[in-house]
Amino acid sequence: MRWSRYFIPTLKEDPAEAEVVSHRLLLRAGMVRRLTSGIYTYLPAGWRSLLKISEIIRREMTRYHAVELLMPAVQPGDLWKETGRWEAYGKELLRFRDRHDRDYCIGPTHEEVITDLVRREISSYRQLPLNLYQIQTKFRDEIRPRFGLMRGREFIMKDAYSFDRDEAGAAQSYEWMHKAYVSIFEKLGLRFRAVEADTGAIGGSLSHEFMVLADTGEDVIATCSQCDFAANLEKAEVECQGPDCPECSLPPEQVFTPGMHTVSQVAGYLNVPQRKVLKTLLYDADGRSVAALVRGDRELNEVKLKNVLGAQSLELASKEQVEKWTGAGLGFAGPVGLRVDRMVADLELRLETDWITGANVEDAHLMHVDLKRDSRINGYHDLRSITREDPCPRCAGTIRMTKGIEVGHIFRLGTKYSRSMHALFLDEQGVEQPMIMGCYGIGVSRVLAACIEQNHDDHGIIFTPAVAPFETVIIALNPRDELVQKNARDIYSRLIAHGVDVLLDDRDERPGFKFKDCDLVGFPLQIVVGARGIKNKVVEVKERHSGQRHELPLEDFWTGFQKVRQRVREHFGLTSG
RNA sequence: CGGGAUGUGGCUCAGUCUGGCUAGAGCGCAGCGUUCGGGACGCUGAGGCCGCAGGUUCGAAUCCUGCCAUCCCGACCA
């Protein structure tokens with residue numbers, strides 16, 4: 001491909017609408033353009049990268065026995081009513097009606113459609129297992145789309161669904177997908193981590209997320225320095241053992257704490273460490289009042305709380321609710337005498353006593369509180385987020401925190417959908433059984449954004465060879481110079497003949513302009529053909545990621561080029577090919 | 001949906017507070033000339049119902065009201 005005939009509208013200045021790196025660079029590198037909020041056109045270079053990502057996904061999915069198909073984007077509402085998600089899904093589901101006034105939606109995911117297909121076509125255990133996937137545009141009407149491709153409303157996703165006849169088969173399918181995902185992200189040349197994840201609204205028992213590691217990631221990952229434990233902070237369980245501590249020897253005592261709303265204020269005022277103060281957080285969980293207690297120096301983990309409560313929705317109580325439940329203003333809630341439907345405490349609160357808590361009285365706290373003696377806790381659970389001070393829950397190692405971008409998620413669904421939609425088969429005994437399902441997603445367009453978040457510098461994108469729209473660009477400096485032109489074309493044809501993915505920058509532009517453009521778009525390898533080099537029978541090859549340049553003799557250029565290319569591939573953890 | 005901000009040539013912005021003359025700059029674009037290994041320079045030129053709709057005023061990009069759009073901060077997610 002010649003750049004002069006291609007279409008990469010680069011921007012010299014930062015677009016005002018883009019804040020995050022990937023969004024900014026995708027726009028500047030002429031890879032995407034916004035059509036409307038959260039909806040983007042993939043320009044040729046961006047689309048080419050997406051195709052490369054998709055191809056790697058296809059290859060690995062196939063390797064692990066998944067079969068590609070393509071389902072409709074528009075889905076009938078009736079299917080969603082079968083599973084109850086027509087009501088449950090919320091406003092992210094874009095619903096509309098056709099001319100006959102029938103309900104439809106644009107698919108944000110395809111459990112219903114695939115389950116409907118499979119229940120019609122599969123009736124015997126002999127037809128199982130089956131794993132079907134597609135790469136398709138999805139639509140979720142996000143409350144707030146942002147960060148360009150990172151969280152668009154329309155996005156490209158690979159979604160796979162497995163159907164098995166028993167738990168062992170389902171476990172095997174899950175295992176294969178896990179392997180396929182590891183292989184996919186390795187082949188993309190990304191630094192990533194598979195972590196244990198919360199199953200969230202999709203439900204099911206086991207779940208892993210695949211995180212591309214990047215400082216700008218929104219998710220926090222807890223990893224162990226010694227074993228292979230890695231989990232989303234939302235999920236990472238906290239190890240907490242030890243005997244219950246004996247009852248506090250002192251009776252509760254009310255103290256005056258005027259205007260002291262926060263834990264740090266109270267601790268400072270009473271001159272005690274924050275860990276001696278209890279945080280009492282009040283929530284509205286599906287309309288019921290809930291109090292959750294953690295140590296003052298800890299962070300409550302809302303995902304854990306939600307799971308413990310088995311709640312559909314969980315919201316911090318409003319100021320009005322707090323006043324109603326505690327009888328005091330914000331900041332004076334405590335477990336003693338609190339009138340809520342349910343009160344839960346973090347596990348570690350059993351290990352100590354003599355707490356300072358809110359008194360449920362304006363401007364007052366209680367000292368010497370013993371939870372067992374003075375309050376009615378409904379249960380002790382793992383409610384807080386793991387910290388660097390905690391031991392690894394699997395071994396004695398220490399916990400580290402890393403940031404990541406979620407690009408893949410795999411779930412064991414069990415029979416949630418197969419039961420509600422009657423996706424049944426006959427087993428060897430002729431007994432009807434629900435199929436056991438799994439689902440496996442990769443945000444294809446998000447992978448592109450994540451790749452850029454992970455690999456960029458001040459000059460622009462640094463694509464991995466696998467994701468780059470072109471692995472190599474040949475910069476013909478001054479293409480009006482016939483010798484330069486001829487040599488550039490020569491190299492171009494030779495590389496094409498060797499199957500190298502190469503773009504020829506034959507534009508009639510000044511050298512600096514072209515260098516800047518090539519750095520911006522982030523081609524991993526730049527071959528610079530200039531009059532100066534030609535005279536000495538050399539061309540220069542630059543590694544985008546390191547900036548290192550290699551002068552290669554024109555004669556036997558291919559051999560020299562292969563070496564540099566190999567170096568670059570190795571840098572991204574890629575093997576030959 | 002709540003909080004904040006912004007809408008002015010294709011892009012980035014000034015001008016708005018304190019209303020007034022022909023609405024500006026840089027980049028980009030077109031033509032000519034010079035230049036040609038890190039986003040060149042000179043000259044000439046095209047391009048704007050100042051987000052939309054009302055209102056105030058002799059006069060509105062500027063003041064008022066309403067609406068729309070986009071971006072940023074919180075609850076959702078690949």
Side-chain angles (χ1 to χ4, degrees), chain A residues 9-20 23-24 27-28 30 33-39 57 89-93 108-110 135-160 181 197-198 200-202 207 209-212 218-219 232 234 284 302-303 306 313-316 318 404-411 439-450 459-460 475-481 484 507-520 526 528-534 539-540 542 547 549:
Chain A
T10 56
L11 267 24
K12 197 190 287 192
E13 285 173 285
D14 281 334
E17 68 183 50
E19 198 84 351
V20 294
H23 189 195
R24 216 170 61 217
L27 288 166
R28 281 195 57 200
R33 286 294 182 264
R34 187 180 65 81
L35 177 63
T36 183
S37 180
I39 301 183
I57 292 174
Y89 208 89
K91 291 192 180 162
E92 287 75 38
L93 183 64
T109 178
H110 284 244
I135 294 176
Q136 190 215 30
T137 295
K138 298 272 190 273
F139 191 90
R140 289 183 193 169
D141 198 1
E142 295 287 341
I143 305 162
R144 182 154 96 87
R146 58 184 133 173
F147 307 150
L149 294 195
M150 289 283 265
R151 193 180 302 190
R153 296 147 86 198
E154 192 175 291
F155 58 99
I156 300 175
M157 177 167 159
K158 186 247 43 174
D159 48 327
Y181 276 36
D198 184 65
I202 295 184
S207 174
E209 283 168 342
F210 288 77
M211 300 280 196
V212 166
E218 285 194 283
D219 285 290
N232 193 315
E234 291 177 348
D284 179 328
E302 289 195 3
V303 172
K306 198 169 168 179
S313 84
L314 184 72
E315 271 181 68
L316 212 52
S318 65
I405 299 163
E406 183 189 355
V407 288
H409 204 156
I410 60 180
F411 298 90
C439 80
Y440 318 92
I442 293 180
V444 177
S445 41
R446 184 183 277 184
V447 167
L448 177 57
H459 302 290
I475 307 174
L477 295 177
N478 193 357
R480 278 186 266 183
D481 179 325
V484 168
R507 294 173 301 168
D508 186 14
E509 296 288 352
R510 297 169 57 82
F513 183 93
K514 295 168 81 162
F515 288 135
K516 292 285 187 192
D517 251 9
C518 291
D519 283 349
L520 175 61
Q526 297 174 5
V528 183
V529 183
R532 207 173 67 191
I534 295 298
V539 292
E540 190 178 283
K542 184 180 118 174
R549 295 152 201 268

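We use all heavy atoms of the structure for the numbers below, so side chains are in, but hydrogens, waters and symmetry mates are not. Below, read A as the first sequence line, B as the second, and so on, with proteins coming before strands; counting in each chain starts at 1. Keep in mind it's a predicted model, so treat the numbers as computed, not measured.
- For the P atoms, the distance from B:G54 to B:C13 is 30 Å, rounded to whole Å.
- Among the atoms of the strands shown, base atoms are found under 4.0 Å from some heavy atom of A:Gly530.
- In this structure, B:A25 and B:U12 make a Watson-Crick or G-U wobble pair, each of the two defining distances being under 3.5 angstrom.
- In this pair, A:Phe515 does not lay its aromatic ring on the base of B:G37; centres under 5.5 Å and planes under 30 degrees do not both hold.
- Of the candidate nucleotides B:C76, B:A78, B:G38, B:A78 has the atom lying nearest to any side-chain atom of A:Glu406.
- Contacts of A:Phe147 classified as ring pair (Phe, Tyr, Trp, His ring centres under 6.0 Å), with partners at least two apart in sequence or in another chain: none.
- A:Lys158 meets the salt bridge (charged side-chain N to carboxylate O under 4.0 Å, His left out) test with no other residue; sequence neighbours excluded.
- For B:A60 and B:U22, the P atoms lie 13 Å apart once the distance is rounded to whole Å.
- No contact: A:Glu315 has no heavy atom under 4.0 Å from any strand.
- Considering only side-chain atoms of A:Arg510, the nucleotide from B:C77, B:G39, B:A40 that sits closest is B:A40.
- Between the base of B:G37 and the side chain of A:Asn478 there is no donor-acceptor pair shorter than 3.5 Å.
- Taking 4.5 Å as the limit, some side-chain heavy atom of A:Ile135 sits within range of a side-chain heavy atom of A:Ile156.
- Separating the C1' atom of B:A5 from that of B:C49 is a span of 26 Å, rounded to the nearest Å.
- When the ring pair (Phe, Tyr, Trp, His ring centres under 6.0 Å) test is applied to A:Tyr181, the partners found at least two apart in sequence or on another chain are A:Phe210.
- The side chain to side chain donor-acceptor pair (under 3.5 Å) search around A:Glu406 returns A:His409, not counting sequence neighbours.
- The side chain of A:Leu477 approaches B:G37 more closely than any other nucleotide in the set B:G37, B:U35, B:G74.
- For A:Glu509, the side chain to side chain donor-acceptor pair (under 3.5 Å) criterion is met by no residue, not counting sequence neighbours.
- B:C27 and B:U44 have their P atoms separated by 14 Å, given to the nearest Å.
- Nucleic acid contact class of A:Ile442 (heavy atoms, under 4.0 Å, all strands): none.
- Pairs of residues two or more places apart, or lying in two chains, that qualify as side chain to side chain donor-acceptor pair (under 3.5 Å) and include a residue from residues 142-151 of chain A are A:Arg151-A:Glu218.
- Minimum interatomic distance between A:Arg34 and A:Leu27 (heavy atoms only, all atoms of both residues): N-CD2, 4.5 Å.
- Side-chain atoms of A:Pro511 lie closest to B:C36 of the nucleotides B:C76, B:G39, B:C36.
- Closest to the side chain of A:His409, out of B:G37, B:A78, B:A40, is B:A78.
- Looking at the side chain of A:Phe147, the nearest of the listed nucleotides B:C73, B:C27, B:G37 is B:C73.
- If you check every strand for non-hydrogen atoms under 4.0 Å, A:Gly148 touches nothing.
- At a threshold of 4.0 angstrom between heavy atoms, the contacts of A:Glu142 include nucleobase atoms, whether or not backbone atoms are also involved.
- Nucleotides B:A23 and B:G48, compared at atom P, are 13 Å apart to the nearest Å.
- Heavy atoms of A:Ser445 sit nowhere under 4.0 angstrom from any nucleic acid atom.
- Two residues are said to be in side-chain contact when any heavy atoms from C-beta on lie closer than 4.5 Å; A:Gln526 and A:Cys518 meet this criterion.
- With sequence neighbours excluded, no residue forms a ring pair (Phe, Tyr, Trp, His ring centres under 6.0 Å) with A:His110.
- Using the Watson-Crick or G-U wobble rule with both distances under 3.5 Å, B:C49 pairs with nothing in any strand shown.
- The side chain of A:Arg446 contributes no N or O atom lying less than 4.0 Å from OP1 or OP2 of B:C77.
- In this structure, B:G74 forms a base pair with B:C1, meeting either the Watson-Crick or the G-U wobble geometry with both donor-acceptor distances under 3.5 Å.
- The side chain of A:Arg549 has B:G38 as its nearest neighbour among B:C77, B:G39, B:G38.
- Separating the C1' atom of B:U16 from that of B:C76 is a span of 38 Å, rounded to the nearest Å.
- An aromatic stacking contact between A:Phe513 and the base of B:G39 is absent, as defined here by ring centres under 5.5 Å apart and ring planes under 30° from parallel.
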Could you list, one pair per line, each protein nitrogen or oxygen that sits under 3.5 Å from a nitrogen or oxygen of nucleotides 4-6 of chain B, together with the distance?
none

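- In this structure, of B:G28, B:C72, B:C36, it is B:C36 that holds the atom nearest to the side chain of A:Arg480.
- Residue contacts shown for A:Arg144 include a base, since a base heavy atom lies under 4.0 Å away.
- Spacing between B:C21 and B:C1 at atom P, rounded to whole Å, works out to 39 Å.
- Base-pair partner of B:A40: B:U34 (Watson-Crick or G-U wobble, both distances under 3.5 Å).
- Residue-level contact check: A:Gly533 touches the bases, meaning some heavy atom is under 4.0 Å from a base atom.
- Heavy atoms of A:Asp481 sit nowhere under 4.0 angstrom from any nucleic acid atom.
- When the C1' atom is compared between B:G26 and B:G47, the two are found 16 Å apart, to the nearest whole Å.
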- Message: Base contacts versus sugar-phosphate-only contacts with protein, heavy atoms under 4.0 Å: please encode nucleotides 7-15 of chain B as B, S and - from 5' to 3'.
- Response: ----BSS--

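- Minimum atom distance to the side chain of A:Leu520 is reached by B:G39, of the listed B:C72, B:G39, B:G38.
- When Watson-Crick and G-U wobble pairs are counted only if both distances are under 3.5 Å, B:G59 pairs with no nucleotide at all.
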